[in-house]
Amino acid sequence: MSRIGRLPIEVPSGVTVTVDGSAIAVKGPKGELALTVPSPIQVKLEDGQLLVSRPDDERESRSLHGLTRTLIANQIIGVTDGYSKGLEIVGTGYRVQAKGSSLEFALGFSHSITVDPPAGISFAVEGNNKLTVHGIDKQAVGEVAANIRKLRKPEPYKGKGVRYAGEVVRRKAGKSGK
């Protein structure tokens, strides 16, 4: 039995969960999210808890059991607390500015780069070299942060680029003289 999948999910007060066959809707103070459960997995709402179960021990059912439970739990956390991912910009002349709801990056290119937030995502800029991506969908927050990091990945010689907050960049020695 899946150790993660068999754990019940507590539904906190202020959050309403609607189970309609394979469709699950989670509504909370920060917003609303929906999920379609894969076919062999069943979800039941009992006594303020969500129970995720599988009908058999087939390989596909076992792999989807824990995944489905985790996705539902992430949605409940998202609509109550939300998710955020921090980014740091390291490098001389590298900076970020908020232009309305979008961001404008200066990353050593001959032009500035503008990033618009997708639906459900917001940005917060602290200073000119730190920013935070906020949202209720964990996957969307991580994807937007990864796309921003991809604009200029941290390079191993000087460490310049966009990195996650707290990320350690392994440094290389570079060329040595005679």
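The first residue in the sequence is number 1, and the count goes up from there.
- Taking both residues in full, the closest heavy atoms of K85 and V141 are given as CB-CG1, 3.9 Å, listed atom of the first, atom of the second, then distance.
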Query raised in the report: Would E46 and Q49 count as a side chain to side chain contact (heavy atoms under 4.5 Å, CB included) if you check the C-alpha gap in whole Å, the side-chain angles of each, and the deciding distance to 0.1 Å?
Result: CA-CA 5 Å; E46 295 176 358; Q49 289 184 335; 5.8 Å; no

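- The distance from atom CG of L33 to atom CD1 of I24, rounded to the nearest 0.5 Å, is 12.0 Å.
- Atom-to-atom distance recorded for I136:CD1 and S84:OG is 14.0 Å, nearest 0.5 angstrom.
- The 12-atom threshold is not exceeded at CD of Q139, counting heavy atoms of other residues, nucleotides or ligands nearer than 6.0 Å.
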Query - Worked check of side chain to side chain contact (heavy atoms under 4.5 Å, CB included) between V115 and F123 - result: CA-CA 10 Å; V115 175; F123 299 124; 4.2 Å; yes

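- Nearest heavy-atom pair, P154 versus G159, reported as atom, atom and distance to 0.1 Å: CB-O, 4.5 Å.
- Residues A73 and I9 share a closest heavy-atom pair of N-CD1, 4.1 Å.
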Requested in this report: Test V52 against H65 for side chain to side chain contact (heavy atoms under 4.5 Å, CB included), laying out the working first.
Outcome: CA-CA 7 Å; V52 181; H65 189 201; 3.7 Å; yes

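- Contact detail for P38 and T68: the closest heavy-atom pair is CD-OG1, 3.9 Å.
- Under the 4.5 Å side-chain heavy-atom criterion for grouping Ile, Leu, Val, Met, Phe, Trp and Tyr, L51 is not connected to L45 through any hydrophobic cluster.
- I89 and V169 sit in two unconnected hydrophobic clusters of ILVMFWY residues. Membership requires side-chain heavy atoms under 4.5 Å apart, directly or through other members.
- To the nearest 0.5 angstrom, K153 atom NZ is 14.0 Å from L107 atom CG.
- Heavy atoms only, all atoms of each residue included: G82 and K30 are closest at N-CD, 4.0 Å.
- Closest approach of S53 and K44 over heavy atoms only: OG-NZ, 4.1 Å.
- In this structure, D56 places its CG atom where more than 12 heavy-atom neighbours from other residues, nucleotides or ligands lie under 6.0 Å away.
- Hydrophobic clustering, with ILVMFWY side chains joined whenever heavy atoms are under 4.5 angstrom apart, keeps V90 apart from L151.
- Once rounded to the nearest 0.5 Å, the distance linking CG of L50 with CD of E10 reads 9.5 Å.
- V168 is not connected to Y157 by any chain of hydrophobic side-chain contacts under 4.5 Å among Ile, Leu, Val, Met, Phe, Trp and Tyr, and they are in different clusters.
- Note that CZ of R3 is 14.0 Å distant from CZ of R69, once rounded to the nearest 0.5 Å.
- More than 12 heavy atoms of other residues, nucleotides or ligands shown are found within 6.0 angstrom of CD on E32.
- Linking Ile, Leu, Val, Met, Phe, Trp and Tyr whenever their side-chain heavy atoms come within less than 4.5 Å puts I113 and L131 in one cluster.
- Looking at P12 and I76, their side chains come closer than 4.5 Å, going by heavy atoms from C-beta outward.
- Remark: side-chain polar atoms of Y83 are paired, donor with acceptor, to backbone N or O of N74 under 3.5 angstrom.
- Under the 4.5 Å side-chain criterion, counting only non-hydrogen atoms from C-beta, Y94 is in contact with R152.
- With rounding to the nearest 0.5 angstrom, the OG1 atom of T36 is 11.0 Å from the CG atom of L71.
- Using modelled atom types, no side-chain atom of R163 and backbone atom of E88 make a donor-acceptor pair closer than 3.5 Å.
- Counted within 6.0 Å of CZ on R95, heavy atoms from surrounding residues, nucleotides or ligands total 12 or fewer; the atom is thus considered open.
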Query - From CA spacing to verdict: side chain to side chain contact (heavy atoms under 4.5 Å, CB included), L67, I41 - result: CA-CA 10 Å; L67 172 73; I41 306 297; over 6 Å; no

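- Each side chain to side chain donor-acceptor pair (under 3.5 Å) pair with one or both residues in residues 96-112, not counting sequence neighbours, would appear here, but there are none.
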